[in-house]
Number of protein chains: 4
Amino acid sequence: MSEFSTTWRVQYYETDKMGIVHHSNYIRYFETARTEYIRECGLAYDDMEKAGIWMPVLNVNVQFKTPAVYDEIIRIRCRTAKVRGASVDLQYEISNYETGEVHVTGSSSHGFTTPELKPIKIKRDAPEIYRIFEKAKEECDE
Amino acid sequence: MSEFSTTWRVQYYETDKMGIVHHSNYIRYFETARTEYIRECGLAYDDMEKAGIWMPVLNVNVQFKTPAVYDEIIRIRCRTAKVRGASVDLQYEISNYETGEVHVTGSSSHGFTTPELKPIKIKRDAPEIYRIFEKAKEECDE
Amino acid sequence: MSEFSTTWRVQYYETDKMGIVHHSNYIRYFETARTEYIRECGLAYDDMEKAGIWMPVLNVNVQFKTPAVYDEIIRIRCRTAKVRGASVDLQYEISNYETGEVHVTGSSSHGFTTPELKPIKIKRDAPEIYRIFEKAKEECDE
Amino acid sequence: MSEFSTTWRVQYYETDKMGIVHHSNYIRYFETARTEYIRECGLAYDDMEKAGIWMPVLNVNVQFKTPAVYDEIIRIRCRTAKVRGASVDLQYEISNYETGEVHVTGSSSHGFTTPELKPIKIKRDAPEIYRIFEKAKEECDE
């Protein structure tokens, strides 16, 4: 998992009148990759929510390099950059699946909360989740 | 209210690579108008949901005549076409605000349910809602 | 191809506060399946657009039966229902991939136009496209 | 314009199963405000595109503080933070219209390009656009 990636075919409804993917959709691609990534790490996001642990986005940053276009197959890489007692940082890279041309890089930070949006310190209160991200981080460092 | 309408400025992210509004967004314009329309009829959809009554879409039909474009101001008309014991039919027309050119016509049917999606017969079990739609229907007929 | 279908995993951003897929997204699922379907029929929609033939939606109809939910894998079936000199009708069914439970059925009609949205009579002016849809229709009838 | 803001009513389709606005939509709210803001500055984005000048997003950063919810009226502030020879930086703040509670802060940088995405140095090659942003920046500083 030190090298996790998933693929996506760009949909028509994701394009805008510039003829390219509307920039807001890359945030959604991040989410798609993040869900798959943490599933591979051993955490089904859906199960986590059912267990009463939400993982809201604290911040997101995106650098747009080159545009992705309709029908293109893109690769979305996702890795754990930092794990703290109550939050994690993830990094992303979106590129053309065939040529490897980089379209977008970015990062997001996530907290953990109850469904009422009260913060949860995972290191202390949900150590099994903390350990999963710590392990993911270690694998990224190898 | 026999002639309810609301306006909307077409957003960049609603266009697609054809350079026009992506067809799926008209369904969302219907929803926007529907919410405003039933608010004017005396029903805040948000309050209705908080009171445990949901109003899911049973079917939707759209006829596309001419395309709406970026930055255009559109008018969305909404009216009550039929009220039954457990469902209502609404009709829509979307046009250019200035010229009146029709872009889209359509209709939707809605049931009423609990948050667990169990059907509610509004005529019998939520007569105040039934009466609001019946009144709206009468005003449309005048 | 008489039995074409594609799959899709429901994304978080496709849900709404009802906790289910927002109804407008089924129209987008139809588009996703349509693109894959006509690709299998031998028509890459992207190439068609590059050749100056657009395939705008004339109308769309959706019947909502049961809701699809986050992270669910859905199957989207698509078939050719009718081919005319200047338009085609397609039909769709969206169901749970594992249980087969039907979520949505629907249909759409499509014209063919130049990039300036002038109608093209495919039977006369783009017979290779007409034949592809006619063949797809025959396979659906078998 | 040193204090530009526009308002928006949160739509149902913008919520997700957390019951709050899906985080990707704030990027779209930024765009909505940006379009209105530069229109007030004297630049209709649509006209600019028709004149062959595009203004793609180079990067975007968002900090999420508190969630916006369905039917809420939000205020979106937008200001010019920096003007360079070939790019501009904008800043945003999204808050509840009535209480002023801040939901989101953020920023975006924009280049200027031809429709073929070749960079345009506005200071040299489109000085009328450069001056508009410079004036907007000065007004923000007052």
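Numbers restart at 1 for each chain; the letters A, B, ... are given by sequence-line order, proteins then strands.
- By the neighbour-count criterion of 12 heavy atoms within 6.0 Å, atom NZ of C:K137 is densely surrounded, having more than that number from other residues, nucleotides or ligands.
- Taken from OH in C:Y70 to CE in D:M18, the straight-line distance is 9.5 Å, to the nearest 0.5 Å.
- Atom CD in C:E14 sits 9.5 Å away from atom NE2 in D:H22 (nearest 0.5 Å).
- Residue D:Y12 holds its OH atom at 10.0 Å from NE2 of C:H23, rounded to the nearest 0.5 Å.
- Proximity of a side-chain donor or acceptor of D:T15 to a complementary backbone N or O of C:D16 within less than 3.5 Å is not detected.
- Within a 6.0 Å radius of CD in C:E98, other residues, nucleotides and ligands contribute 12 heavy atoms or fewer.
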